[in-house]
Each structure stands twice: as structure tokens, then as C-alpha cells.
Peer 1: 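This is the structure I want to talk about, given as C-alpha cells.
Along the sequence shown, the residues carry numbers beginning at 1.
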Amino acid sequence: MMHIIPEPKDITIHQGAGCFPFSAETALVNSVLAQAALEDFQSFLKKNFHFGLTQSEGATRLVLARMEEGDPEAYRIEVSEQEICISSAGEAGLFYALQTLKQILLTNGCKIPSLSINDAPLYHYRGFMLDVGRYFYPVEEVKHFLDLMAVHKLNIFHWHLTEDQGWRVEIKKYPRLTEFGSKRSHTNFGFRPHSGFYTQEDIREVVAYAHSKYIKVIPEIDMPGHMQSAIACYPELSCFNRSLPVATHWGVKHDILCAGKESTYQFIFDVLDELIPLFPDGYFHLGGDEVVKMRWQLCPHCQAFMKKTGLKDEEELQQFFMSRVSRYLKEKGVASMMWNWDSVEATQWLDRDIIWQMCGMPKNTQAEITAGRRMVNSVSFPYYLDLPYGWFNLRATYENTPEIPHIDAASAKNLLGLEAPLWTEYVPNMKKADYCTYPRLGAIAEIAWT
């Protein structure tokens with residue numbers, strides 16, 4: 001019996017056909033897979049079995065081969081007594097096959113039964129989100145998450161980099177964002193100060209590490225809400241130039257970016273211009289959730305802008321705001337994503353190019369996906385990993401399916417996949433993060449793959 005997560009699409013064990021003796025005498029035959037991916041597999045062998053594979057001829061062989069066509073994430077494994085042959089149309093598929101082989105070795109030891117595996121993902125968006133805005137996780141801990149994502153064949157790392165409680169990424173044009181905005185005076189746990197941010201060089205290091213594991217990185221700069229850490233540094237970004245601290249506790253804040261000042265948009269474009277070269281995977285998340293519009297209702301700048309532009313209310317103002325930023329990204333060759341918010345019913349001002357990440361399913365979800373809007377399922381029940389197991393246990397997570405009801409097959413293609421977010425206001429360290437994330441992330445990975 002094979003214990004592989006996510007479970008392969010098709011696996012056949014050839015009874016009575018003998019076993020492959022995996023050992024230091026096994027020759028690695030490869031001309032297609034990147035060196036970093038091979039080193040990852042060799043490190044696994046040395047850590048768990050105390051040997052690596054030879055590069056010279058041996059009695060047995062592990063062969064990595066490239067197929068001419070097919071899904072670049074799909075792969076095939078054929079095991080006989082003398083050879084393990086792994087083939088795929090893409091490097092990612094070869095890498096995923098090695099993750100499967102790791103789990104086979106851990107299950108069976110170094111005697112691998114003769115078998116055939118044909119495997120391919122159900123969805124090509126299989127994501128995990130880490131919120132570092134509330135609690136900062138250093139580079140080595142972020143790499144820990146990436147390591148475990150790779151084993152589970154997850155391929156999208158959504159990095160939630162800014163929050164009311166902390167701005168975590170260096171912006172050289174606006175140094176106060178990290179000099180001041182990365183620090184909060186106290187937290188929910190022990191009322192201790194908390195701080196931390198990533199330099200641009202840190203970002204490059206993490207992105208390169210993710211790419212070595214065939215994981216794309218999507219940054220999130222949450223706007224126009226969840227911006228108190230930025231407003232604390234530059235009060236003119238808000239409607240009334242109020243002097244505010246970096247937020248200390250979780251919760252929806254009333255002070256948000258002013259959507260009526262041109263200087264606000266210039267700030268956003270300046271931030272994006274520094275970040276776009278650091279994140280080359282073609283996606284950028286703009287947040288967009290939990291935008292309390294009380295300040296906009298009172299703001300002379302926002303009200304004058306609405307009148308000038310022909311916007312009937314503050315909901316349309318947010319749609320205009322998100323669309324303008326999205327179009328700026330599109331001009332740079334970058335697709336934008338946002339959380340769908342409960343009140344986004346009429347969408348005449350909201351560009352349909354913006355991908356919705358669904359934290360809920362408002363009434364117009366079916367209409368939007370049918371009309372062509374692409375979506376990612378992250379509905380809080382059951383995909384939010386920080387929720388207590390008592391609210392949503394492992395079985396409830398595993399038995400959930402990501403489909404959107406009552407849509408046709410053509411519209412179903414606009415559901416790109418699913419993503420499991422880990423929000424961290426009550427997850428202050430790796431011990432709690434591991435407890436919340438595993439084994440639930442394995443269940444979600446299997447839903448996304450199989």
C-alpha cells in the first residue's frame with residue numbers, strides 16, 4: 001500500500017514482478033531537470049537514508065526524461081527491478097514525480113515494488129497564503145513553508161505583506177514604511193512589542209528559493225483598507241491627515257486610503273514600481289477586503305471625486321479605485337487579484353480582468369464567473385487554516401469540494417483552483433503555525449490535485 005499525499009490519479013502495483021533496490025549504487029541519469037531540484041532530492045536521501053545517488057553507471061538507474069508534449073505538471077513513473085523511469089513534458093512534472101518518489105521511499109524503505117503511476121493535477125492553481133503583516137516570519141521560516149508546499153505539490157505562494165499591524169517590505173522611496181510602519185507597540189500575546197520586515201534582497205532570495213521548487217510567488221499589498229501601518233507613516237494618505245499609530249490588534253479599521261486624492265494613487269504606483277521587478281510571476285494581489293467607507297462618506301476629496309467621475313456611491317468608488325490600480329498593473333504586464341467583498345453586487349465599474357479570490361460567495365458569484373471573471377476558491381469555511389479545529393475539523397476540510405454550484409462546464413474553467421490562507425493574528429510563532437497548517441494543508445492539497 002502506498003501512502004502518497006496528494007493521492008496520484010492512477011497507480012498500479014505489479015504483483016509478483018519484483019522490487020527495485022534503491023541504494024547508493026543507483027545511477028542518476030538526467031539531462032533535463034535543474035540542478036537545484038536534483039540537489040533537493042539528494043539532500044532528502046542523505047538526511048533520511050544516509051546516501052546519495054551516483055553520477056556514474058550503476059547496476060540500477062533512476063532516469064529522468066522529457067516527453068515531447070503534454071501537461072507540464074503531469075508525470076509518469078515506471079518502476080521495474082533494474083530501473084525507475086520518470087517522464088514529463090515539463091520540469092515541474094519531473095520535480096513532482098520526485099516528491100512522489102520521496103513519499104514512496106518513506107513508506108516502503110529502499111525496496112520499491114514494481115509499479116506504474118500516471119498523475120496530473122485537477123487544478124493548476126494550488127495555493128497557500130502566509131500573512132506576515134500581523135506577525136513577521138523570518139526568511140528561514142518562510143522557506144520552511146515553501147519546503148512543505150513543494151512536498152504537497154502546491155505551486156502558488158501568496159505572500160500577504162502588509163497589514164494595519166505592520167508593513168513588511170522595504171520600499172526605498174518611502175523609507176518610513178519600514179523604519180516606523182514595521183513596528184507595533186504591543187500584540188495580543190504578552191503585550192510585547194513586535195517588528196520585522198524584508199529587505200528587497202530578502203524578497204529576491206525567497207522568490208528564487210520558491211522558483212527552485214516550481215512555486216510562483218504572488219505578493220499582496222492590501223488596499224485601500226488594512227493600510228493603517230502606511231497611514232501611520234504618511235498621514236496624508238488618509239482622508240483627514242490624522243496622526244495614527246501602527247495598529248496593535250486585529251480588527252477592521254475605519255481609517256483607509258483616500259480614494260479622492262491623486263497623491264494616493266501616485267503613492268500606490270510608486271510602491272508597485274519597486275515591487276513588480278521583485279515578483280516576476282505575473283500576478284499581484286491588491287487586497288480590497290473589509291473597506292469601511294465611513295471616512296469616504298465624510299471626505300470632501302472623495303465626494304468631489306465621485307461627483308466629477310459620475311460615481312453614485314462609495315461602493316462604486318472602491319470599484320473605480322481597484323480598477324484603476326488593476327489597469328496600471330495590466331500596462332506593466334501583470335494580472336491583478338483581489339478578495340471579493342460581500343457588498344460587491346453591482347460591478348459596472350469593476351474590471352472583469354481582476355481575478356476574484358473568494359473569501360465568501362456573494363449573490364453575483366455565479367453571474368460573474370459565467371460572464372468570464374476568473375476566480376480562486378478560498379471560502380473561509382473550510383479553507384482558512386487559522387480557524388480552530390473545533391470549528392472545522394480535518395474531515396470537514398477534506399470532504400469539502402471547491403466547485404461553484406449551478407454553473408456550466410465552460411464557466412467552470414474560470415475556477416482556477418483553490419488556496420488555503422493562514423491568517424496570523426492568533427498564530428504568533430512557528431509552533432502554532434505548524435499546528436494550524438498540518439495536516440489540513442495536506443487535505444487541501446489533495447482536493448486541489450486529485
Peer 1: Show your reasoning for whether side-chain hydrogen bond (donor to acceptor under 3.5 Å, both in side chains) applies to E163 and W423.
Peer 2: CA-CA 11 Å; E163 259 304 336; W423 302 102; over 6 Å; no
Peer 1: State, yes or no, whether a side-chain contact exists between E274 and V169 at a heavy-atom distance under 4.5 Å.
Peer 2: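 They are not in side-chain contact.
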Peer 1: Go through it in stages, so that I can follow the logic: the residues are D273 and K173, the test is salt bridge (Lys or Arg N to Asp or Glu O under 4.0 Å), and I'd like the CA-CA distance, side-chain angles, deciding distance and then a yes or no.
Peer 2: CA-CA 10 Å; D273 284 346; K173 190 167 185 177; over 6 Å; no
Peer 1: Give the C-alpha distance, both sets of side-chain angles, the deciding distance and a yes or no for side-chain contact (heavy atoms from CB on, under 4.5 Å) between I117 and L115.
Peer 2: CA-CA 7 Å; I117 295 177; L115 56 80; 3.8 Å; yes
Peer 1: How far does CG of L177 sit from OG of S182, to the nearest 0.5 angstrom?
Peer 2: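 Nearest 0.5 Å value for the CG-OG distance: 9.5 Å.
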Peer 1: Just wondering, more than 12 heavy atoms not from K330 lying within 6.0 Å of its NZ?
Peer 2: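 At most 12 heavy atoms, drawn from other residues, nucleotides or ligands, come within 6.0 Å of this atom.
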Peer 1: Can a salt bridge be assigned to the pair K431 and E141 using a cut-off of 4.0 Å between side-chain N and carboxylate O?
Peer 2: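 Not counted as a salt bridge, because no side-chain N and carboxylate O are separated by less than 4.0 Å.
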Peer 1: Any chance you could measure L161, atom CG, to L275, atom CG, to the nearest 0.5 Å?
Peer 2: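 Nearest 0.5 Å value for the CG-CG distance: 7.5 Å.
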Peer 1: Determine the minimum heavy-atom distance between A65 and L94, stating which atoms define it.
Peer 2: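 Taking every non-hydrogen atom into account, O-CD2, 3.5 Å.
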Peer 1: For a ring-ring contact (aromatic ring centres under 6.0 Å, His included) check, start with the C-alpha distance between H285 and H160, then their side-chain angles and the critical distance, and finish with the verdict.
Peer 2: CA-CA 9 Å; H285 206 296; H160 187 87; 7.8 Å; no
Peer 1: For the aromatic rings, using the six-membered ring if either is Trp, is the centroid distance between F128 and F145 under 6.0 Å?
Peer 2: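 Yes, they do, as the ring centres are separated by less than 6.0 Å.
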Peer 1: How about I221 and H226: do any of their side-chain heavy atoms sit closer than 4.5 Å?
Peer 2: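 Counting from C-beta outward, I221 and H226 never come under 4.5 Å.
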Peer 1: Go through H124 and N155 one step at a time and tell me if the side-chain hydrogen bond (donor to acceptor under 3.5 Å, both in side chains) criterion holds.
Peer 2: CA-CA 8 Å; H124 288 285; N155 65 348; 5.6 Å; no
Peer 1: Would the distance check show the side chain of S114 and the main-chain N or O of C19 forming a donor-acceptor pair, the cut-off being under 3.5 Å?
Peer 2: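 Here the side-chain-to-backbone pair does not exist.
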Peer 1: For the residue pair D131 and T424, confirm or rule out a side-chain donor-acceptor distance under 3.5 Å.
Peer 2: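 Checked: D131/T424 side chains pair up, N/O donor to acceptor below 3.5 Å.
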Peer 1: Could you report the tightest heavy-atom contact between T370 and S411, atom names first, then the distance?
Peer 2: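 It is CA-OG, 3.4 Å.
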Peer 1: Rounded at 0.5 Å granularity, tell me how far CD1 in I447 sits from CD in E399.
Peer 2: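 Answer for the CD1-CD pair, I447 versus E399, is 9.5 Å.
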Peer 1: Quick check: does any side chain N or O of D281 sit under 3.5 Å from a backbone N or O of V217, one acting as donor and the other as acceptor?
Peer 2: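 Looks like yes, one N/O pair under 3.5 Å.
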Peer 1: Side chain of D353, backbone of S326: donor and acceptor closer than 3.5 Å?
Peer 2: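 No.
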Peer 1: Does Y135 have R184 sitting over its ring (NZ/CZ under 6.0 Å from centre, angle to axis within 45°)?
Peer 2: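 Checked: cation-pi criterion met.
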Peer 1: Could you check whether any side-chain N or O of N108 sits under 3.5 Å from a backbone N or O of K111, counting only pairs where one atom can act as donor and the other as acceptor?
Peer 2: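 Not confirmed, N108 side chain does not pair with K111 backbone.
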Peer 1: F49 vs F22, test: ring-ring contact (aromatic ring centres under 6.0 Å, His included). Steps then yes/no.
Peer 2: CA-CA 10 Å; F49 299 98; F22 209 91; 7.8 Å; no
Peer 1: Just to verify, which of K9, K153, R126 counts as forming a salt bridge (charged side-chain N to carboxylate O under 4.0 Å, His left out) with E73?
Peer 2: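 Testing each of K9, K153, R126 against E73, the sole residue satisfying salt bridge (charged side-chain N to carboxylate O under 4.0 Å, His left out) is R126.
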Peer 1: So which heavy atom on H14 is nearest to which on S116, and how close?
Peer 2: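 That closest heavy-atom pairing would be NE2-OG, 2.8 Å.
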Peer 1: Run the side-chain contact (heavy atoms from CB on, under 4.5 Å) test on E220 and T162 for me, step by step, so that the C-alpha distance in whole Å, both residues' side-chain angles and the decisive distance to 0.1 Å come before the verdict.
Peer 2: CA-CA 7 Å; E220 179 177 352; T162 64; 5.9 Å; no
Peer 1: Centre of F180's six-membered ring, under 6.0 Å away, within 45 degrees of the axis: is that where NZ or CZ of R176 sits?
Peer 2: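 Yes, R176 sits over the ring of F180.
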Peer 1: Is the ring centre of Y174 less than 6.0 Å from the ring centre of F267?
Peer 2: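 Distance test on ring centres: under 6.0 Å, yes.
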Peer 1: Could you check whether W159 and F157 have their ring centres less than 6.0 Å apart?
Peer 2: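 Yes, they do, as the ring centres are separated by less than 6.0 Å.
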Peer 1: To the nearest 0.5 Å, what is the distance between CZ on F320 and CG on D351?
Peer 2: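 If I round to the nearest 0.5 Å, the distance is 10.0 Å.
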Peer 1: Are there more than 12 heavy atoms of other residues, nucleotides or ligands under 6.0 Å from atom OH of Y398?
Peer 2: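 No, because the 6.0 Å sphere around OH of Y398 holds 12 heavy atoms or fewer from other groups.
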Peer 1: Can you tell me how far apart OG (S336) and OH (Y283) are? Round to the nearest 0.5 Å.
Peer 2: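 OH of Y283 is found 11.0 Å from OG of S336.
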Peer 1: Taking the six-membered ring for Trp and the full ring for Phe, Tyr or His, determine whether the centres of Y328 and Y265 are under 6.0 Å apart.
Peer 2: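 Between Y265 and Y328, which both carry aromatic rings, the centre distance is not below 6.0 Å.
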Peer 1: Return all side-chain donor-acceptor pairs below 3.5 angstrom for residues 375-384, not counting sequence neighbours, or 'none' if the list is empty.
Peer 2:
residue : atom : partner : partner atom : Å
N377    : OD1  : V379    : N            : 3.0
N377    : ND2  : P402    : O            : 2.8
S378    : OG   : Q357    : NE2          : 2.9
S378    : OG   : E419    : O            : 2.8
Y383    : OH   : N400    : OD1          : 3.0

Peer 1: Salt bridge between E368 and R352, side-chain N to carboxylate O under 4.0 Å?
Peer 2: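 Salt bridge: yes.
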Peer 1: In plain terms, say whether K172 and D270 are close enough for a salt bridge, that is, a side-chain N and a carboxylate O under 4.0 Å apart.
Peer 2: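 Result for this pair is no, no salt bridge flagged.
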Peer 1: Keeping Q165 on the side-chain end and V246 on the backbone end, is there a donor-acceptor pair under 3.5 Å?
Peer 2: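 Between the backbone of V246 and the side chain of Q165 there is no qualifying donor-acceptor contact (under 3.5 Å).
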Peer 1: So that I know where these two stand, are H186 and H249 an aromatic pair - ring centroids less than 6.0 Å apart?
Peer 2: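 Between H186 and H249, the centre distance is under 6.0 Å.
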Peer 1: Donor-acceptor pair, N48 side chain versus F44 backbone, under 3.5 Å?
Peer 2: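 Between the backbone of F44 and the side chain of N48 there is a qualifying donor-acceptor contact (under 3.5 Å).
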Peer 1: Can any side-chain N or O of T401 pair as donor or acceptor with the backbone N or O of E403 at less than 3.5 Å?
Peer 2: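 No, because the side chain of T401 does not come within donor-acceptor range (under 3.5 Å) of the backbone of E403.
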Peer 1: Would one find more than 12 heavy atoms of other residues, nucleotides or ligands at under 6.0 Å from atom NZ of K213?
Peer 2: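 More than 12 within 6.0 Å, yes.
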Peer 1: For the backbone of R76 and the side chain of D119, can you confirm whether one donor and one acceptor N or O come within less than 3.5 Å of each other?
Peer 2: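 Looks like no, no N/O pair under 3.5 Å.
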Peer 1: One pair to check against salt bridge (Lys or Arg N to Asp or Glu O under 4.0 Å): E290 and K253. What are the steps and the verdict?
Peer 2: CA-CA 8 Å; E290 298 179 326; K253 313 302 180 187; over 6 Å; no
Peer 1: Which heavy atom of R168 sits nearest a heavy atom of V132, and at what distance?
Peer 2: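 Closest approach of R168 to V132: NE-O, 2.8 Å.
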Peer 1: Under 3.5 Å, is there a donor-acceptor pair linking the side chains of E91 and Y214?
Peer 2: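 Short answer, yes.
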Peer 1: Under 6.0 Å between ring centres: does that hold for Y75 and Y96?
Peer 2: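 They do not qualify: ring centres at least 6.0 Å apart.
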Peer 1: I'd like to know if D164 pairs up with R134 as an ion pair, taking the criterion as any Lys NZ or Arg NE/NH1/NH2 lying under 4.0 Å from an Asp or Glu carboxylate oxygen.
Peer 2: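 Salt bridge between D164 and R134, a charged N being under 4.0 Å from a carboxylate O: no.
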Peer 1: Taking the six-membered ring where the residue is Trp, are the ring centres of F41 and F95 under 6.0 Å apart?
Peer 2: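 No, the ring of F41 stays outside the 6.0 Å limit from the ring of F95, centre to centre.
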Peer 1: Got more than 12 heavy atoms from elsewhere within 6.0 Å of OH, Y438?
Peer 2: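 Yes.
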Peer 1: Distance check, rounded to the nearest 0.5 Å: M149 atom CE versus L130 atom CG?
Peer 2: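 Going from the CE atom of M149 to the CG atom of L130 covers 10.0 Å.
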Peer 1: Keeping D386 on the side-chain end and Y426 on the backbone end, is there a donor-acceptor pair under 3.5 Å?
Peer 2: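 No, D386 side chain to Y426 backbone: no donor-acceptor pair under 3.5 Å.
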Peer 1: Is the backbone of T199 close enough, under 3.5 Å, to the side chain of D202 for a donor and an acceptor to pair up by distance?
Peer 2: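 Side chain of D202 to backbone of T199: a pair is present.
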Peer 1: Got more than 12 heavy atoms from elsewhere within 6.0 Å of NZ, K102?
Peer 2: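 Atom NZ in K102 is crowded, with more than 12 foreign heavy atoms closer than 6.0 Å.
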Peer 1: What pairs meet the side chain to side chain donor-acceptor pair (under 3.5 Å) rule with one or both residues in residues 17-31, with sequence neighbours excluded?
Peer 2: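 Of all non-adjacent pairs touching residues 17-31, those that pass side chain to side chain donor-acceptor pair (under 3.5 Å) are T26-T60.
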Peer 1: Determine the minimum heavy-atom distance between L415 and I369, stating which atoms define it.
Peer 2: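 Closest heavy-atom pair between L415 and I369: N-CD1, 3.9 Å.
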